[in-house]
2 protein chains.
Amino acid sequence: MSRAAKSTEHRSASAPRDIIGRGPSLADTLALRLKEEIVSGRLQPGEKLPTEQQISETYGVSRPTVREAIGRLKHDGLVVTRQGAGAFVADPSAVAVFRLEVTDFSNKEEIRNIIELLMAVEATATEHAATRRSEEDLKSIQAQLDAMEAAVERGEPGVEEDLAFHRSIVEATGNPFFRDLSDFLDRRVRNFIRTARANTARLGGMTQAVQAEHQAIFNAILRKDAPTARAAAETHLRNAAARLALYLEP
Amino acid sequence: MSRAAKSTEHRSASAPRDIIGRGPSLADTLALRLKEEIVSGRLQPGEKLPTEQQISETYGVSRPTVREAIGRLKHDGLVVTRQGAGAFVADPSAVAVFRLEVTDFSNKEEIRNIIELLMAVEATATEHAATRRSEEDLKSIQAQLDAMEAAVERGEPGVEEDLAFHRSIVEATGNPFFRDLSDFLDRRVRNFIRTARANTARLGGMTQAVQAEHQAIFNAILRKDAPTARAAAETHLRNAAARLALYLEP
DNA sequence: ATAACCAAGTTGCCTGACAAGTAGAAAATT
DNA sequence: AATTTTCTACTTGTCAGGCAACTTGGTTAT
């Protein structure tokens with residue numbers, strides 16, 4: 001087959017690449033396939049992956065595409081490559097990357113699980129914040145509390161201020177993992193609410209109650225009272241989850 | 001410049017690609033560079049990245065390499081690409097991927113932070129496990145407890161059994177996020193201990209005490225007593241952290 | 001028997017090219 | 001003149017082929 005001819009049938013339906021089907025991108029889908037091979041255990045740790053050439057032929061994609069897919073797996077720590085030797089499935093106990101993907105908002109179960117994790121992380125973070133907060137931290141938290149107060153008085157929902165308030169607390173833990181994870185989960189949940197709200201009747205603020213709960217958390221942090229701070233955070237989160245439950249079981 | 005000539009000076013010291021320096025791989029380092037541009041805010045959300053061509057010229061690497069780097073960012077949700085239009089910085093509040101990387105074992109601070117997160121997650125997980133565990137779950141947990149017991153009696157450290165015991169508990173929460181995160185953190189910490197131990201005098205098992213703590217956790221889960229389960233888990237984790245502290249402050 | 005060497009195989013990276021999609025400018029129509 | 005249509009340049013997605021750097025196992029020379 002001439003080069004030109006092959007080039008023309010790039011996307012033809014009968015081409016061998018239909019094996020991977022359509023989707024986000026060839027590399028994406030190929031990466032998913034290979035990942036499946038690994039997590040399912042069909043490819044054991046330490047085992048050598050097929051060569052790029054072989055994979056290329058098996059799945060009907062070019063070598064650069066294969067490289068891109070393997071690059072992803074390498075990025076995620078699932079495989080390690082050695083120039084000249086090959087690509088090998090990484091030892092699971094040595095994987096240094098954890099990846100959390102939250103994309104499917106229609107999956108209520110997943111949202112519930114995310115909220116549960118958020119509650120665990122943020123309650124403990126608040127507890128640590130109470131014992132460790134510096135004067136700066138305290139000032140920052142109070143500033144966000146006041147900003148929220150102002151928003152409430154202006155009659156605004158103050159979602160941005162709410163987020164900032166929580167952010168300033170987890171920041172005070174001094175533990176970037178708490179900060180980043182909490183931040184991520186928080187954003188995801190809020191994003192879910194926003195999309196859910198678009199399809200539902202809008203139900204009013206409750207901002208007064210929220211603000212009171214915030215105040216309770218702040219007071220405990222102010223007094224460096226860790227158990228009370230934790231309890232206040234748990235109450236707040238439980239209530240927030242209850243308000244949210246309206247979207248989860250229609 | 002002829003093709004052959006350019007090809008020959010692939011790795012020459014004076015080539016423009018020295019901009020990114022050496023390291024894991026060109027794509028890796030380029031991806032890090034671009035990520036820096038984004039998280040630092042020099043590239044604002046929604047803003048268009050330079051074209052692959054431009055990036056290629058700026059950093060002195062080929063387009064496939066640029067594609068690989070951008071592919072990573074896409075994979076991590078930091079950018080979105082539209083064929084024909086370009087690559088754009090993603091809206092941070094819409095990022096659906098969380099990434100946790102724990103590579104630097106020499107960074108004691110990082111290890112401490114990881115342990116702190118592990119304690120938060122696993123304590124809450126144990127609490128949930130107590131209220132939700134099925135009969136199957138209970139049997140599985142007991143089986144792991146017994147296996148650990150047997151290992152102790154054989155005079156073995158039983159690290160594998162220990163890990164399996166914890167795994168069976170977090171499994172019982174029914175929340176895959178708890179399971180996966182806890183599993184990851186646990187493995188990381190144990191891995192740190194193993195590498196640290198190689199450079200230090202080996203200090204004995206303490207396996208008896210560990211086993212007693214495990215038993216306490218199990219008893220609470222058996223009785224579906226969530227608060228006690230949490231407390232027992234916290235005690236166990238605190239003690240484990242204390243044993244570990246020997247490696248953190250030499 | 002051991003050591004040095006060599007050749008095949010594999011990943012890492014590059015160039016060049018075409019297909020597919022986008023967006024704005026130019027042209028045609030009303 | 002305003003609006004719609006068309007076209008063209010640009011950008012990403014993919015492929016093909018090729019050379020450099022490195023690994024590995026067998027072969028040869030000592």
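Values reported hereafter were calculated over all heavy atoms of this structure, with side chains retained and with hydrogens, waters and symmetry mates removed. Numbered from 1 within each chain, the chains take letters A, B, ... in sequence-line order.
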When you check the phosphate oxygens OP1 and OP2 of [N], does a side-chain N or O of [X] lie under 4.0 Å from one of them?
{"X": "B:R82", "N": "C:dA23", "value": "yes"}
{"X": "A:T65", "N": "D:dG13", "value": "no"}
{"X": "A:T81", "N": "C:dT10", "value": "no"}

Looking at [Y] and [X], is there a salt bridge between them, counting it only when a charged N and a carboxylate O are closer than 4.0 Å?
{"X": "B:R190", "Y": "B:D186", "value": "yes"}
{"X": "A:R99", "Y": "A:E101", "value": "yes"}
{"X": "B:D76", "Y": "B:R72", "value": "no"}

[atom1] of [X] versus [atom2] of [N]: gap in Å, rounded?
{"X": "A:Q83", "N": "D:dT24", "atom1": "CD", "atom2": "P", "result": "12 Å"}
{"X": "B:I55", "N": "C:dC13", "atom1": "CD1", "atom2": "P", "result": "17 Å"}
{"X": "A:R63", "N": "D:dG18", "atom1": "CZ", "atom2": "C1'", "result": "10 Å"}
{"X": "B:L30", "N": "C:dG12", "atom1": "CG", "atom2": "C1'", "result": "15 Å"}
{"X": "B:F88", "N": "D:dT11", "atom1": "CZ", "atom2": "P", "result": "11 Å"}
{"X": "A:E68", "N": "C:dC14", "atom1": "CD", "atom2": "P", "result": "15 Å"}

Q) Which parts of residues 45-52 of chain A get close to DNA chain C, meaning a heavy atom less than 4.0 angstrom away? A) A:T51, A:E52
Q | Working for side chain to side chain contact (heavy atoms under 4.5 Å, CB included), residues A:L100 and B:F177 | A | CA-CA 8 Å; A:L100 197 60; B:F177 295 120; 3.2 Å; yes
Picking from [options], which would you name as closest to the side chain of [X]?
{"X": "A:S62", "options": "C:dG12, D:dT14, C:dC14", "value": "D:dT14"}
{"X": "B:V61", "options": "D:dT24, C:dC14, C:dC13", "value": "C:dC14"}
{"X": "A:R67", "options": "C:dT22, C:dA20, C:dG12", "value": "C:dG12"}

Q: Could you tell me whether a side-chain N or O of B:T29 sits under 3.5 Å from a main-chain N or O of B:S25, the two making a donor and an acceptor?
A: yes
Q.
Closest-nucleotide mapping onto DNA chain C: is A:P64 or A:Q53 further toward the 5' terminus? I mean the 5' end.
A. A:Q53
Q: Determine whether A:Q144 and A:M148 make a side-chain contact, defined as any pair of heavy atoms from C-beta on separated by less than 4.5 Å.
A: no
Q: Mind checking side-chain hydrogen bond (donor to acceptor under 3.5 Å, both in side chains) for A:E161 and listing every partner two or more places apart, or none if nothing turns up?
A: none
